[in-house]
Novice: 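One structure is given below, represented as structure tokens, and several questions about it will come after.
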Amino acid sequence: MRIRFWLLDITYDMVGDIPEIRMFGITDTGKRVVVCDRSFRPYFYVVPKQDVPMDAVLRGLKKLGLRAKVLSLDVVEKKYFGKPLKVVKVTCQRPPDVPTLREEARSLPFVQDVLEADIRYYMRYMIDNDIYPCTWHEVEVEEIEKPRDWQFDAVYLAKGVPKPIPEMRSVPELKVLAFDIECYNPTGAPKPEKDPVIIISIATNTGLKKLITAEGRRDRDVLWEFVRVIREFDPDIIVGYNSNEFDWPYLLERSKYVKVKLNVSRLNTEPATSVYGHISILGRANVDLYNFAEEIPEIKVKTLENVADYLGVKKKSERVLIEGHEIYRYWDDESRRPLLMRYAMDDVESILGLAEKFLPFAIQLSAITGIPLDQVGAASVGFRVEWLLMRYAYKFNELVPNRVERPAETYRGAIVLEPKPGIHENIAVLDFSAMYPNIMIKYNISPDTYVPPMEEIAPDMVYVAPEVGHRFRREPPGFYRKVLETLIKYRKAIREEMKKYPPTSFEYRILDERQKAVKVIANATYGYCGWTGARWYMREVAEAVTAWGREMIKKTINYATQLGLKVIYGDTDSIFVNYDEDRIRKLIEWVEKELGLEMKPDKIYVRVFFTEAKKRYCGLLPDGRIDIVGFEAVRGDWAEIAKEVQEKTIEIVLKERSVDKAIEYVHRVIEELRSGKVPLSKLIIWKTLSKDLSEYKVLSAHVAAAKKLLELGYKLSVGDKVGYIVTKGSGKLAQKAKPYILVKSIDEIDVEYYIDKQIIPAAMRILGYFGIKEDQLRTGRKQKSLLEFFT
DNA sequence: GCCTTGAAGTTACCG
DNA sequence: ACCGGTAACTTCAAGGCG
């Protein structure tokens with residue numbers, strides 16, 4: 001029989017000595033199925049040293065491995081960095097044998113290199129058969145017996161390789177279950193060896209809502225019930241918030257202590273740690289939505305309530321908020337316990353809401369990159385690009401380079417112009433569309449088209465990068481050019497197809513998320529090629545891209561000036577000029593004709609303000625909104641009070657053009673702060689721990705605060721944000737920084753710090769340009785006396 | 001031993 | 001664990017001064 005299925009997840013297992021690919025899918029009739037393929041075998045390539053005869057190579061490789069670990073040796077024609085190369089394909093019986101066989105092969109005297117021996121077996125299977133997760137496939141199958149403890153409608157044995165059905169772009173109705181756990185935590189961070197799980201909240205996209213609580217029972221029963229609820233609802237996707245880092249590890253650890261098997265997978269197994277630090281639950285996609293929240297730069301402190309609030313999923317004002325360290329108090333206090341219950345429900349409802357926001361994009365990102373849905377969020381940008389490149393390499397018969405450790409290398413990047421300080425009226429921002437990808441295409445920049453300095457080649461056969469002199473063959477099309485061209489064409493086609501549907505339709509949404517996913521990958525390709533960890537890394541490639549970028553922007557500035565436009569500022573691929581439609585049109589035409597790139601007006605500012613600093617400006621848009629770029633107001637490491645002051649100052653200056661009003665406003669805020677009317681929450685300064693506490697060379701404020709938290713039993717790790725408040729005291733700032741959760745009263749705070757080091761600098765950044773002096777902003781006690789002024 | 005000053009360390013932004 | 005360019009803060013240590 002033939003079935004059609006949408007691929008949700010993939011893995012493999014050994015059945016005796018046979019590796020079995022297992023594809024977990026949903027059929028077009030809504031059945032949850034497993035499609036098993038036992039026909040595929042792992043393999044890798046051996047590159048022989050030059051001048052070694054192939055028969056000698058084959059003879060040598062025959063000794064590889066014992067007990068028929070190697071099934072076959074085939075000489076195949078591949079390309080390596082664009083050059084034809086004869087290699088030996090070593091096909092093996094068992095995936096687990098590959099690492100040892102690889103090392104064995106590598107050590108042989110006639111072997112130059114071993115390639116593609118580090119590609120996971122199920123990824124290899126998908127790449128070779130053009131199978132993408134989160135897409136539809138058709139396959140001839142026969143039903144086989146379902147193991148009793150597997151949770152599927154049917155198990156099939158594939159009688160051929162599944163074939164993609166590109167015209168089926170829908171997404172089946174997926175059963176989504178959101179969950180969140182609360183733990184008893186009287187000593188800071190909860191510890192699974194002693195602290196029970198007190199609440200597990202659950203919400204599904206079918207409307208089920210449930211609190212599993214430890215009220216009147218041990219948490220052992222909570223875990224049991226959790227497993228039961230999951231198995232009963234049988235979700236396709238399980239979502240959590242930071243669940244890869246917290247909920248699942250905690251549940252797994254805790255379940256060991258209370259002796260509960262967390263068999264929540266469709267194969268009746270426990271969740272397990274897998275690649276990119278994600279937790280895998282066989283047969284379901286376990287998605288940690290925190291990974292997607294991480295990609296929203298506007299949200300500085302990415303707590304669940306902040307993200308849900310920002311996305312309009314659940315407003316903070318309409319939910320219960322409890323500080324993490326207080327959870328146990330709410331549990332212990334019978335009168336407050338209902339609040340904790342409500343809090344747990346608000347959390348899980350928020351998570352389900354986030355799933356609705358993030359899953360459509362996650363699904364398309366998975367379908368584009370080929371990384372399984374449960375991994376794609378956890379995979380870094382570099383790996384997302386790389387898996388896509390590996391898919392293309394296979395299509396182009398190119399060998400995939402090995403991942404090698406390289407020392408850090410630096411090279412010059414983009415140009416940033418000195419801004420013309422002051423207020424400018426009526427300014428247009430023009431920028432190149434997808435500048436770096438288009439430069440890579442235009443000059444055929446790629447590791448496989450690169451011509452090393454020693455190699456002789458006719459000048460008209462190559463493009464030569466300005467300043468750095470790197471040369472790239474004009475023909476044939478390089479790897480990056482082919483990939484980027486395909487992506488750009490593909491995105492255009494998607495956008496074209498979107499026009500067929502109303503913007504509110506399901507189809508439109510899918511296509512829109514898809515074109516966004518394609519754009520994200522295309523834009524990350526330059527960054528990828530300059531990443532020393534990349535398989536296709538080459539410094540010269542990245543260096544040439546930025547060199548041509550500098551040339552483009554310089555030429556554009558020149559011509560703009562010639563046309564009589566005034567260039568006020570520019571950064572990388574943008575220029576700010578006076579909004580003169582005729583001249584701008586001419587400039588854009590010139591750019592297209594002479595530089596072969598597209599340039600578009602991005603936005604118009606009614607009024608825009610620059611100080612002397614680069615990468616910082618603010619502007620008033622025609623619709624009355626205000627853009628703030630680079631300034632403290634958009635940074636996450638300044639106190640809210642200072643950011644607010646700066647934002648308001650900018651607004652007054654740009655909209656009302658009144659410096660006096662702004663000063664008056666700053667005075668008012670300072671007075672409010674002095675009289676204790678500013679809430680503590682506006683005084684918290686958040687900073688990220690970028691390394692382990694022991695590695696810091698200087699004791700800065702957030703490190704000092706982090707150490708205090710640690711002493712109290714809280715757990716902190718790299719990447720966590722520490723919120724501190726500056727309190728009264730003497731000595732260094734670090735000594736006065738106190739974790740905000742320990743600050744109980746407004747009387748503790750160091751008012752002068754917030755005035756002198758937060759509010760005034762933030763306001764001065766703007767007002768300083770208008771000749772305002774710090775003392776004009778300062779009010780009250782600490783105004784400098786004339787005497788102090790002269791000493 | 002105290003104060004000034006510049007380098008180093010650190011974070012987070014822009015495109 | 002995607003790039004370089006940039007601003008701005010705090011800490012730290014060297015060097016000058018008394």
Side-chain angles (χ1 to χ4, degrees), chain A residues 275-277 295 297-298 300-301 378-386 389 403 405-406 408-419 429 431-436 440 520-539 541-547 549-550 553 569-576 602 610-617 627-639 642-643 685-691 695-704 718-719 721-722 726 731-737 753 756-758 761-762 764-765:
Chain A
V275 282
Y276 317 120
E295 292 170 26
E298 289 84 357
K300 308 297 174 184
V301 182
S380 69
V381 176
F383 288 111
R384 292 178 193 171
V385 173
E386 191 149 81
L389 292 177
R403 192 174 291 293
E405 282 218 33
R406 300 182 181 88
E409 268 186 297
T410 57
Y411 63 90
R412 271 182 73 195
I415 288 182
V416 188
L417 302 187
E418 295 281 350
V429 184
D431 54 27
F432 288 100
S433 337
M435 187 203 230
Y436 286 167
M440 293 172 88
V520 164
I521 297 293
N523 286 344
T525 305
Y526 153 71
Y528 170 84
C529 78
W531 171 41
T532 48
R535 289 177 191 266
W536 277 278
Y537 167 80
M538 189 181 271
R539 193 203 76 235
V541 165
E543 202 167 34
V545 176
T546 57
R550 291 192 297 273
I553 195 85
Y569 178 64
D571 184 349
T572 311
D573 60 353
S574 69
I575 57 168
F576 290 54
D602 179 36
F610 285 93
T611 65
E612 282 173 4
K614 295 170 173 181
K615 296 193 182 276
R616 297 186 151 208
Y617 57 88
D627 254 356
I628 302 178
V629 179
F631 284 121
E632 286 74 6
V634 295
R635 291 180 63 100
D637 58 351
W638 282 71
K643 304 206 300 177
I685 296 166
W686 293 92
K687 280 200 167 91
T688 308
L689 286 178
S690 63
K691 49 193 153 197
E695 289 170 49
Y696 279 96
K697 290 179 186 148
V698 292
L699 185 75
S700 49
H702 73 302
V703 175
V718 176
K721 276 210 158 61
V722 181
V726 180
K732 292 186 180 64
L733 175 62
Q735 290 169 274
K736 303 194 283 178
Y753 173 83
D756 289 342
K757 303 289 181 181
Q758 291 277 329
M764 274 300 288
R765 205 78 63 211

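Every chain is numbered from 1 and lettered A, B, ... according to where its sequence line falls, protein lines coming before strand lines. Side-chain atoms are counted along with the backbone in the values below, which use heavy atoms only and exclude waters and symmetry mates.
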Novice: Quick one: is dT11(B) close enough that its OP1 or OP2 comes under 4.0 Å of any side-chain N or O from Thr688(A)?
Specialist: no

Novice: Output the rounded distance in Å from NZ (Lys614(A)) to C1' (dA12(B)).
Specialist: 18 Å

Novice: Could you tell me whether Lys757(A) atom NZ has more than 12 heavy atoms of other residues or ligands within 6.0 Å of it?
Specialist: no

Novice: Listed by chain and number, what are the side chain to side chain donor-acceptor pair (under 3.5 Å) partners of Glu409(A), not counting sequence neighbours?
Specialist: Tyr537(A), Arg539(A)

Novice: Which class fits the ring pair Tyr617(A) and Phe610(A): parallel under 30°, tilted 30 to 60°, perpendicular over 60°?
Specialist: tilted

Novice: Could you tell me whether Thr525(A) contacts a base, only the sugar-phosphate backbone, or nothing, with contacts defined as non-hydrogen atoms closer than 4.0 Å?
Specialist: nothing

Novice: Quick one: sort the Tyr276(A) and Phe383(A) rings into parallel, tilted or perpendicular, breaks at 30° and 60°.
Specialist: tilted

Novice: So Glu409(A), base contact, sugar-phosphate only, or nothing? Heavy-atom distance under 4.0 Å.
Specialist: sugar-phosphate

Novice: How would you label the contact of Ala542(A) with the nucleic acid (heavy atoms, under 4.0 Å): base, sugar-phosphate, or nothing?
Specialist: nothing

Novice: Hey, is CD on Glu295(A) packed in by over 12 heavy atoms from elsewhere, all under 6.0 Å?
Specialist: yes

Novice: Could you check whether Gly382(A) gets within reach of a base, just the sugar-phosphate, or nothing at all, counting any heavy atom under 4.0 Å?
Specialist: sugar-phosphate

Novice: What residues, two or more places apart in sequence or in another chain, satisfy salt bridge (Lys or Arg N to Asp or Glu O under 4.0 Å) together with Asp637(A)?
Specialist: Arg635(A)

Novice: So what does Ala701(A) hit on the nucleic acid, given a heavy-atom distance under 4.0 Å: a base, only sugar-phosphate, or nothing?
Specialist: nothing

Novice: What does Phe432(A) touch in the nucleic acid at a heavy-atom separation under 4.0 angstrom: a base, only the sugar-phosphate, or nothing?
Specialist: nothing

Novice: Can you sort out the partners of Ala639(A) under side chain to side chain contact (heavy atoms under 4.5 Å, CB included), two or more places apart, ordered by chain and number?
Specialist: Ile641(A), Ile685(A), Tyr754(A), Gln758(A)

Novice: At the 4.0 Å heavy-atom cut-off to chain A, mark where contacts on DNA chain C begin and end, going 5' to 3'.
Specialist: dA1(C) to dC12(C)

Novice: Is the number of heavy atoms from other residues, nucleotides or ligands under 6.0 Å of Lys732(A) NZ greater than 12?
Specialist: no

Novice: Starting at atom OH of Tyr436(A), determine the distance to atom P of dC14(B), rounded to an integer number of angstrom.
Specialist: 17 Å

Novice: Reckon Tyr411(A) touches a base, only the sugar-phosphate, or nothing at all at heavy-atom distances under 4.0 Å?
Specialist: sugar-phosphate

Novice: Whole angstrom is fine here: how far is it from CZ in Phe610(A) over to P in dC14(B)?
Specialist: 13 Å

Novice: Under the rule for salt bridge (Lys or Arg N to Asp or Glu O under 4.0 Å), what residues qualify as partners of Arg535(A), not counting sequence neighbours?
Specialist: Asp118(A), Glu386(A)

Novice: Reckon Val634(A) touches a base, only the sugar-phosphate, or nothing at all at heavy-atom distances under 4.0 Å?
Specialist: sugar-phosphate

Novice: Rounded to whole angstrom units, what separation is found between the NZ atom of Lys687(A) and the C1' atom of dA12(B)?
Specialist: 10 Å

Novice: Take atom CZ of Arg635(A) and atom C1' of dC14(B), then tell me their distance rounded to the nearest Å.
Specialist: 11 Å

Novice: Polar atoms only, N or O, under 3.5 Å: list the protein pairs with nucleotides 2-9 of chain B and their distances.
Specialist:
none

Novice: Scan Arg403(A) against the nucleic acid and name what it touches under 4.0 Å (heavy atoms): base, sugar-phosphate only, or nothing.
Specialist: nothing

Novice: Closer than 4.0 Å, any side-chain N/O of His702(A) to the OP1 or OP2 of dT11(B)?
Specialist: yes

Novice: When we call it a touch if two heavy atoms are under 4.0 Å apart, what does Gly527(A) touch: a base, just sugar-phosphate, or nothing?
Specialist: base

Novice: Once you apply a heavy-atom cut-off of 4.0 Å, does Leu699(A) come out as touching a base, just sugar-phosphate, or nothing?
Specialist: sugar-phosphate

Novice: In terms of side-chain geometry, is the basic nitrogen of Lys614(A) or Asp571(A) positioned less than 4.0 Å from the acidic oxygen of its partner?
Specialist: no

